[in-house]
Student: 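Pasting in a structure now, in C-alpha cells, and then I'll have a few things to ask.
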Amino acid sequence: MKLILTRHGETVENQKGLLQGQKIGTLSKKGISQAKKLALRLKGKKIDAVYSSDLARAKNTAKEILAFHPKTPLHFSKNLREAFLGKYAGKKGKTLDWANRPKEIESKASMKSRVKKVLDKAYKNHPNGTVLFVGHIGTNKAIVRALFGKSPKGVKRKVQPNA
C-alpha cells in the first residue's frame with residue numbers, strides 16, 4: 001500500500017498559538033486556501049481511499065481534496081484525532097508545564113495504538129492501493145512510529161506544516 005500523510009489546513013487556533021487537541025478547530029482563510037492548493041497538488045494522483053480524522057479541521061481539508069476525487073470513498077475515524085489534551089486544550093503550549101503534565105493527557109503509546117487500528121484497516125482494504133490520511137501533527141507522528149516501530153524519541157520533533 002502507498003500511504004500519503006497530510007495534515008489539515010491552518011486553523012484560527014493555530015494562528016493564535018493555541019493547542020487544539022480534540023477540540024474541533026476552524027480552518028482560517030489561509031487554511032482553506034492551503035487545503036485547496038493541496039487538493040490541486042493531489043488532483044492527478046490516483047487515490048483509492050481517504051481516511052480522515054473526524055474533527056472539522058481535518059474533515060474540511062479532506063472534503064477539498066475529494067472535490068477532485070468525487071468517487072473516492074471517505075472514511076472518518078475518531079482514531080485519527082489529535083491527542084486528548086485535557087485542560088491543556090485551548091491554551092498556549094509555550095506557557096504550560098510539560099514536565100509535570102496532567103495525567104489525563106493522552107500518552108504517545110495510546111495514540112500509536114489507536115492509529116495502528118486505522119492503518120491495519122486501510123492496509124486490509126487496500127493492500128495494493130494508494131491511501132490518503134488526513135490528520136494532525138500528533139497522529140501523523142504516531143503513524144510514522146507505528147509503521148517503522150519507532151519510540152516517541154525515534155521520530156524527529158520537526159513539525160509537519162499545515163496541508
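Quick caveat, the model's predicted, so the values are computed rather than measured.
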Student: Find out whether V131 and Y123 are in side-chain contact, i.e. whether some heavy atom of one side chain is under 4.5 Å from a heavy atom of the other.
Tutor: no
Student: Taking only residues two or more places apart in sequence or in another chain, which ones pass salt bridge (Lys or Arg N to Asp or Glu O under 4.0 Å) with E13?
Tutor: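 In terms of salt bridge (Lys or Arg N to Asp or Glu O under 4.0 Å), with neighbours along the sequence ignored, E13 is linked to no residue.
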Student: How would you list, by chain and number, every residue that makes a side-chain hydrogen bond (donor to acceptor under 3.5 Å, both in side chains) with Q22, sequence neighbours excluded?
Tutor: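 In terms of side-chain hydrogen bond (donor to acceptor under 3.5 Å, both in side chains), with neighbours along the sequence ignored, Q22 is linked to no residue.
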Student: So with a 6.0 Å cut-off around CD1 of I24, is the heavy-atom count from everything else above 12?
Tutor: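 No, because the 6.0 Å sphere around CD1 of I24 holds 12 heavy atoms or fewer from other groups.
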Student: When you compare the side chain of Q20 with that of T11, does any pair of heavy atoms fall below 4.5 Å?
Tutor: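 Yes, their side chains come closer than 4.5 Å.
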Student: Give the minimum heavy-atom separation between E106 and A83, together with the two atoms involved.
Tutor: OE1-CA, 3.3 Å
Student: Linking I/L/V/M/F/W/Y whenever their side-chain heavy atoms sit closer than 4.5 Å, directly or via other members, would L5 and M1 fall into one cluster?
Tutor: yes
Student: Report the residues that fulfil side chain to side chain contact (heavy atoms under 4.5 Å, CB included) with K37, sequence neighbours left out, ordered by chain and then residue number.
Tutor: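 In terms of side chain to side chain contact (heavy atoms under 4.5 Å, CB included), with neighbours along the sequence ignored, K37 is linked to S33.
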Student: Under the side-chain hydrogen bond (donor to acceptor under 3.5 Å, both in side chains) rule, collect the residues that match up with N79, sequence neighbours excluded.
Tutor: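 Partners of N79 by the side-chain hydrogen bond (donor to acceptor under 3.5 Å, both in side chains) criterion come out as none, since no residue qualifies.
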Student: State, to 0.1 Å, how close S52 and L74 come at their nearest heavy-atom pair, and which atoms those are.
Tutor: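 Taking S52 first and L74 second, the nearest heavy atoms are CB-CD1, 4.2 Å.
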Student: Residues two or more places apart in sequence or in another chain: which of them pass side-chain hydrogen bond (donor to acceptor under 3.5 Å, both in side chains) with K46?
Tutor: D48
Student: Within a strict 4.5 Å, meaning less than it, do heavy atoms of the F133 and V118 side chains meet?
Tutor: yes
Student: Starting at NZ of K141, measure out to CD of Q160 and round the result to the nearest 0.5 Å.
Tutor: 9.5 Å
Student: Once rounded to the nearest 0.5 Å, what's the spacing between atom OG1 of T26 and atom CG of N14?
Tutor: 10.5 Å
Student: Are I137 and L19 connected into the same hydrophobic cluster when the rule is that any two of I, L, V, M, F, W, Y join if their side-chain heavy atoms are below 4.5 Å apart?
Tutor: no
Student: With the 4.5 Å side-chain cut-off for hydrophobic clustering, are L55 and L18 part of the same group?
Tutor: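 No, no single cluster joins them.
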Student: Identify, with sequence neighbours excluded, every residue that meets side chain to side chain contact (heavy atoms under 4.5 Å, CB included) alongside K30.
Tutor: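 K30: side chain to side chain contact (heavy atoms under 4.5 Å, CB included) contacts with E10, S28, Q34.
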Student: Can you give me the closest heavy-atom contact between A49 and H126, atom names plus distance?
Tutor: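 Looking at all heavy atoms of both residues, the shortest contact is CB-NE2, 3.3 Å.
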Student: Would you list the pairs meeting ring-ring contact (aromatic ring centres under 6.0 Å, His included) in which at least one residue belongs to residues 3-33, sequence neighbours left out?
Tutor: H8-H136
Student: Start with the C-alpha distance between K116 and K112, add both sets of side-chain angles, then the distance that settles side chain to side chain contact (heavy atoms under 4.5 Å, CB included), and finish with yes or no.
Tutor: CA-CA 6 Å; K116 181 143 179 10; K112 182 178 171 181; 5.6 Å; no
Student: If you look only at pairs with a residue in residues 79-104, which of them pass as a salt bridge (charged side-chain N to carboxylate O under 4.0 Å, His left out), with sequence neighbours excluded?
Tutor: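 Output for this query lists D54-R81.
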Student: Just to verify, what does N125 make a side chain to side chain contact (heavy atoms under 4.5 Å, CB included) with, not counting sequence neighbours?
Tutor: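 Side chain to side chain contact (heavy atoms under 4.5 Å, CB included) check on N125 returns Y51, K121.
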Student: Treating T61 as the side-chain partner and A35 as the backbone partner, does any N or O pair qualify as donor plus acceptor under 3.5 Å?
Tutor: no
Student: Examine distances only and state if a side-chain atom of T72 and a backbone atom of I47 form a donor-acceptor pair shorter than 3.5 Å.
Tutor: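 Yes, T72 side chain to I47 backbone: donor-acceptor pair under 3.5 Å.
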Student: Hey, quick one: are L96 and L85 part of the same hydrophobic cluster, counting side-chain heavy atoms closer than 4.5 Å, chains of contacts allowed?
Tutor: yes
Student: For L42, is there any backbone N or O sitting under 3.5 Å from a side-chain donor or acceptor partner on H69?
Tutor: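 A pair under 3.5 Å: yes.
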Student: Which pair of heavy atoms, one from F68 and one from A39, lies closest together, and at what distance?
Tutor: CD1-O, 3.5 Å
Student: If you take all heavy atoms of N162 and R7, which pair is closest and at what distance?
Tutor: ND2-CZ, 3.3 Å
Student: Heavy atoms only: give me the nearest N140-G135 pair and the separation to one decimal.
Tutor: OD1-CA, 4.0 Å
Student: Which residues pass the side-chain hydrogen bond (donor to acceptor under 3.5 Å, both in side chains) test with K117, not counting sequence neighbours?
Tutor: none
Student: List for me each residue that meets side chain to side chain contact (heavy atoms under 4.5 Å, CB included) alongside L147, sequence neighbours excluded, and say none if there are none.
Tutor: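 For L147 the side chain to side chain contact (heavy atoms under 4.5 Å, CB included) partners, ignoring immediate neighbours, are L3, L119, I143.
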Student: Mind checking the CZ-NZ spacing from R57 to K23? Nearest 0.5 Å is all I need.
Tutor: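 So the CZ of R57 and the NZ of K23 are separated by 10.5 Å.
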Student: Would you please name every residue forming a salt bridge (Lys or Arg N to Asp or Glu O under 4.0 Å) with E64, sequence neighbours left out?
Tutor: K36
Student: Any chance you could measure N60, atom CG, to K63, atom NZ, to the nearest 0.5 Å?
Tutor: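 Answer rounded to 0.5 Å: 6.0 Å.
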